[in-house]
Amino acid sequence: MYLTLIILPLLGSIVSGFFGRKVGVSGAHLITCTSVITTTFLAILAFFEVGFNNIPVTIHVARWIDVESLNVLWNFRFDSLTVSMLLPVLIVSSLVHVYSISYMSHDPHNQRFFSYLSLFTFMMIILVTGNNFLIMFVGWEGVGVCSYLLVNFWFTRIAANQSSLSAILTNRVGDTLLTVGMFAILWSFGNIDYGTVFALAPYYNETIITIIGICLLIGATAKSSQVGLHIWLPQAMEGPTPVSALIHAATMVTAGVYLLMRSSPLIEYSSTVLVLCLWLGAITTVFSSLIGLFQQDIKKVIAYSTMSQLGMMVIAVGLSSYNLALFHLVNHAFYKALLFLGAGSVIHAVADNQDFRRYGGLREFLPLTYSVMLIASLSLVAVPFMTGFYSKDFILESAYGQYYLSSTIVYFVATIGAMFTTLYSAKVLYLTFLANPNGPLVSYKHAHEGDLFLTIPLIILAIFSIFFGYLTKDIFIGLGTGFFTDNSLFIHPSHEIMLDTEFAVPTFFKLLPFVFTVSLSVISVLLSEFLPKLLINFKFSRLGYNIFSFFNQRFYIELFYNKYIVEGVLKLGGQTSKSLDKGTVELIGPYGLEKGLLALSNSIGKLSTGIVTTYALYILIGLIFYITLLYFSYNDNNLLILVIFTLFALLNSNNTSLKETK
Amino acid sequence: MSLLLLLIPLIGVGLVTVEANYGLSLINNIRIKSIALTTSIVNLIVSLVMFILFDFSSKQFQFIEEHYQISYFDIYLGVDGLSIYFVLLTTIIMPIAILSNWNSIKSQNVLSFVVIMLLLESLLLAVFLVLDVLLFYIFFESILPPLFLLIGLFGSSNKVRASFYLFLYTLLGSLFMLLSIIGMSSIMGTTDFDALSKANFNYITQLFLFYGIFIAFAVKTPVIFLNTWLLKAHVESPLSGSIILAGIVLKLSLYGIFRLMLPLLPKASINYTYVIYVIGVITILYASFSTLRTIDIKELIAYSSVSHAAVYLIGAFSNTIQGIEGSIVLGLAHGFVSSGLFICAGGILYDRSSTRLITYYRGMAQVMPIFSVLFFILALGNSGTPLTLNFLGEFMSLYGVFERMPILGVLASTSIVFSAAYTIFMYNRIVFGGSYSLYFVENIGDVTRREFIMLLVFVILTVLFGIYPAPILDGLHYSVSSLIYNVN
């Protein structure tokens with residue numbers, strides 16, 4: 001069963017990709033959807049078998065790299081962390097498969113698209129089930145490559161090309177550091193098997209664990225789009241919307257957080273790494289929700305919101321509350337996928353326009369989409385008893401509940417981030433559905449709800465977004481939960497803060513985020529409904545204009561990267577390839593040799609001038625040379641070389657002077 | 001059996017000549033080519049049989065043939081766990097190299113092309129098979145004239161300059177190696193490899209011998225500032241020449257390191273590793289930067305070869321089993337992948353459009369879907385993505401380097417970013433990057449069956465061994481562990 005779970009999406013992908021012409025469009029739909037849905041049911045079964053019964057499964061398939069002490073096996077491991085990761089990955093993936101049947105129905109390359117989707121799912125499964133860092137890395141790179149293909153699916157669009165290149169290259173930077181981290185693990189632990197590394201971690205020097213942890217953290221930064229290596233995520237919104245829902249909400253972007261959770265037994269022993277995680281997450285969450293507030297593209301806003309939620313997860317990792325991070329990851333996957341798919345439904349309805357300033361009044365036309373988007377947004381802003389509430393609010397409380405200075409500051413920073421999240425969620429909902437219609441008439445004439453394939457995933461995800469958190473809260477973060485007793489997540493006893501959070505945080509600070517959420521959403525709706533002049537006037541003032549453009553241009557980080565790093569590298573490349581390799585080296589090397597020898601032979605040839613006195617001079621020089629030769633070589637060899645060199649130099653100067661006289 | 005490997009191509013040469021002189025002129029071009037192809041495939045089968053019969057649990061040379069009565073030199077052939085893979089690489093690549101120029105050679109030149117190719121196969125195999133240092137040198141050098149002719153006869157516009165560079169650089173480097181080998185021979189009184197490896201040169205002598213040999217291999221690898229010949233030769237040579245150059249000739253230096261430098265001059269190799277590492281790391285960075293700005297596809301692949309070659313060069317000197325085996329694996333993988341990329345760029349695309357500049361290509365996926373898939377897998381291989389053999393090689397080599405010198409290892413790891421940058425950029429620009437290029441007036445067809453088979457062989461080898469490399473790694477253990485040198 002467990003191997004079937006892994007291999008089925010790959011088979012679907014191969015059939016759809018390589019035999020797409022044989023099976024046809026509907027054949028490809030049928031095969032890929034069936035295989036992924038079957039896998040999903042198997043994963044749910046595995047969740048019960050492995051998770052609830054606490055029976056971790058390890059499967060040994062084959063040897064991979066077996067060199068002296070470096071022993072990497074094709075091993076797969078199903079423990080509580082893996083099966084909880086499989087749940088959102090596969091549920092979202094199968095729903096996206098179904099959704100895409102309708103969404104991509106007019107595309108001529110359906111087989112290719114479904115092949116990519118299934119391949120991506122396969123790589124994601126490899127990522128979460130691998131039993132050592134290297135197999136994890138296979139999935140890690142694999143999802144990167146698949147995301148390149150998926151974002152670049154409409155490859156005739158230059159924007160899609162640019163963003164997919166940006167995605168794969170930014171991820172590669174993280175991959176490099178992750179590779180270095182693996183080298184460091186191998187070097188110090190002698191193996192990259194999870195079991196070996198985690199069992200030995202307590203006995204190691206903190207410095208080496210910090211180094212490894214920082215390398216892993218940077219790898220996670222690239223994959224989970226934390227500040228610094230985040231530029232690819234918003235750009236990747238160029239891809240088809242189902243792809244965004246799959247990759248950029250539920251699966252690939254969570255891989256970095258997964259890595260951190262998986263290495264919890266390692267990074268628990270380095271407080272530096274934990275603090276770095278805490279701050280990185282906090283900065284990311286406030287940074288991205290600030291940018292998100294000033295974007296006009298509906299998908300980009302959701303992308304920035306994803307980034308901010310990923311920041312929340314990293315904060316949870318930094319607080320050592322890995323189960324909380326995992327819980328938020330799972331919850332977030334559902335409501336964020338719902339947001340993306342809902343946005344896709346909107347975009348589908350209004351003729352592929354993504355700028356929500358040109359929406360408005362869509363509530364009448366898209367009632368179902370409106371309701372699911374509302375549910376997802378409520379879940380996102382952590383309205384009580386929705387799915388998002390149980391994890392997001394708890395992360396904020398935990399930050400306070402650690403009772404360290406930095407985590408208390410992080411609490412406030414993250415609360416501000418959550419505040420902005422509320423603001424832009426309200427803004428998107430308001431401008432898309434509630435405001436006066438602002439789009440062209442044509443798009444309203446054609447606006448309609450999608451067919452069954454488009455709506456069923458929305459409804460299922462909406463149900464998950466409401467109830468999942470409530471149902472599974474006690475499994476993931478309940479006080480006495482036995483779910484993680486197989487030690488897939490390790491929380492050092494002295495880092496355990498759940499009790500403090502539950503009982504010691506003042507009610508005021510527990511309620512603060514909620515108060516902000518409610519009051520701000522009310523204020524923002526009221527403001528835009530009744531006092532729109534105020535906002536417009538602010539925007540037209542000098543200060544407002546500057547603030548707006550600064551945030552709208554995303555802190556000018558892309559500008560900085562393009563102007564200084566990319567351009568610098570390319571300029572350097574031009575120098576090395578053109579000036580150095582095809583210039584100097586060639587001039588000194590073969591070309592110079594050729595010309596130099598030619599010149600030398602010319603000047604030697606010029607010696608025979610045909611004048612007797614010159615020959616007499618040569619004879620004289622020769623005679624002196626031979627007489628003194630003995631003396632020179634007796635004393636010092638260098639002198640001899642010097643004399644010969646001078647003769648050649650004289651010859652050359654003679655030649656040039658001759659040329660001049662001519 | 002090892003002698004058989006050398007003789008079969010020569011027999012092929014004979015058959016081809018007979019056929020050319022006595023056959024019917026109309027059909028004999030095809031027959032000549034078929035004979036050559038058959039010969040090389042027979043050679044492949046022989047080498048595979050050798051691989052099957054090979055006893056991997058022994059460190060001894062096997063399939064030994066000694067012929068003292070033939071000439072002044074001792075003809076002394078044999079293979080061990082290292083050279084068997086290089087022999088296989090040669091015999092796998094040669095049939096494909098012959099296939100690659102199947103249609104693009106003019107009919108009056110077919111005979112000379114085929115003879116050059118078979119001769120090259122014989123000579124290349126000889127380099128890997130001989131167990132005598134002097135003979136190694138002789139065969140190492142003897143591949144130059146056929147290559148010179150290959151480039152000079154069938155190359156593109158700037159071929160004279162390219163063949164001149166090839167000759168100049170490699171001969172210059174090899175001169176020093178000859179001096180070193182003569183030095184060895186005069187000290188020990190023998191050039192027999194087995195006997196030499198039992199000897200122990202004194203440290204200063206080792207240093208001098210080391211310099212001499214390293215200069216030759218630095219040119220052949222190549223490293224920074226000595227790579228001009230490679231670019232020129234790759235760009236100007238016909239497709240088969242590029243394949244042989246990238247696939248096999250660049251591996252000669254790697255093989256030479258394992259034959260001459262590590263076992264014979266251990267102390268010098270250990271003490272001067274840092275020099276090689278610095279050179280290697282600078283080469284990686286330099287070549288990567290240069291590759292980013294290259295717009296000629298063949299030159300781009302050649303530059304990326306320089307960068308990968310530097311990775312396996314430093315891996316080979318890591319003095320760890322992982323590093324050394326990784327460098328061999330990367331060498332083999334690079335042989336497959338860069339040959340495949342050359343077929344993609346210099347063969348399939350060039351035959352159809354007569355240009356090598358990336359600028360003119362766009363949206364090839366629209367008209368050549370099968371080609372795009374194969375090209376993509378090879379491009380992924382070149383950028384070292386997991387599940388390809390290149391990834392394993394790169395990972396293990398870089399790990400070896402990291403274990404030896406961590407800082408330089410980290411710097412060398414930047415090649416992971418750069419290789420993705422230039423390869424994916426090239427792929428993206430050619431295959432995607434907008435709709436089908438306006439520069440092409442006519443539609444062009446997808447891969448033919450011949451091209452498909454050639455690429456498929458490389459793709460399958462790369463991916464299969466990337467997933468299950470045990471057949472390669474298991475055979476290497478015995479021979480590689482004897483290359484490790486312990487200072488204490």
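Within every chain, numbering begins at 1; the chains are lettered A, B, ... in the order of the sequence lines, protein sequences first and strands thereafter.
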Query raised in the report: Is any side-chain heavy atom of B:Phe395 closer than 4.5 Å to a side-chain heavy atom of A:Leu134?
Result: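 Yes, close enough: below the 4.5 Å cut-off.
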B:Tyr286 vs B:Ser290 side-chain heavy atoms within contact, under 4.5 Å:
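Yes, side chains in contact.
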Under a 4.5 Å cutoff for heavy-atom pairs, which residue among [options] has the most contacts with chain A?
| options | result |
| --- | --- |
| B:Asn227, B:Leu476, B:Leu168 | B:Asn227 |
| B:Thr385, B:Leu292, B:Leu380 | B:Thr385 |
| B:Ala421, B:Ala470, B:Gly433 | B:Gly433 |
| B:Ile424, B:Thr228, B:Ile370, B:Val480 | B:Ile424 |
| B:Ile224, B:Thr414, B:Thr294, B:Leu398 | B:Leu398 |

For this session: Kindly assign one of parallel, tilted or perpendicular to the pair A:Tyr116 and A:Phe153, based on the angle between their ring planes and the thresholds 30° and 60°.
Result: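 If you compare the ring of A:Tyr116 with that of A:Phe153, the planes turn out perpendicular.
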Using 30° and 60° as the class boundaries, would you call the ring planes of B:Phe432 and A:Tyr148 parallel, tilted or perpendicular?
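Tilted, since the angle between the ring planes falls between 30° and 60°.
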* How about B:Tyr427 and B:Phe376: are their ring centroids closer than 6.0 Å? ->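 Between B:Phe376 and B:Tyr427, which both carry aromatic rings, the centre distance is below 6.0 Å.
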For the aromatic rings, using the six-membered ring if either is Trp, is the centroid distance between B:Tyr303 and B:Tyr422 under 6.0 Å?
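Between B:Tyr422 and B:Tyr303, which both carry aromatic rings, the centre distance is not below 6.0 Å.
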Using heavy-atom distances under 4.5 Å, tell me whether [X] contacts chain B through its side chain, its backbone, both, or neither.
| X | value |
| --- | --- |
| A:Lys578 | neither |
| A:Leu149 | side chain |
| A:Ile158 | side chain |
| A:Ile65 | both |
| A:Ala184 | both |
| A:Gln162 | neither |
| A:Trp140 | neither |
| A:Leu593 | side chain |
| A:Leu165 | side chain |
| A:Phe18 | side chain |

Worksheet item: Just checking, any donor-acceptor pair under 3.5 angstrom between side chains of B:Gln322 and A:Ser69?
Response: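 Note: B:Gln322 and A:Ser69 side chains meet the donor-acceptor criterion.
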Between chain B and each of A:Ile168, A:Leu169, A:Ile588, count heavy-atom pairs under 4.5 Å; write down the option with the most.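 Of the options given, most contacts go to A:Leu169.
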**OP:** Identify which of A:Leu177, A:Leu580, A:Val72 forms the greatest number of heavy-atom pairs closer than 4.5 Å to chain B.
**Re:**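 When all of A:Leu177, A:Leu580, A:Val72 are compared, A:Leu580 has the most.
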How long is the straight-line distance from CZ of B:Arg161 back to OH of A:Tyr591, given to the nearest 0.5 Å?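 Atom-to-atom, A:Tyr591:OH and B:Arg161:CZ are 7.0 Å apart.
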ask   = Salt-bridged, B:Asp474 to A:Arg63, with N to O below 4.0 Å?
value =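 Counted as a salt bridge, because a side-chain N and a carboxylate O are separated by less than 4.0 Å.
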Donor-acceptor under 3.5 Å (A:Asn161 side chain, A:Arg157 main chain):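 Side chain of A:Asn161 to backbone of A:Arg157: a pair is present.
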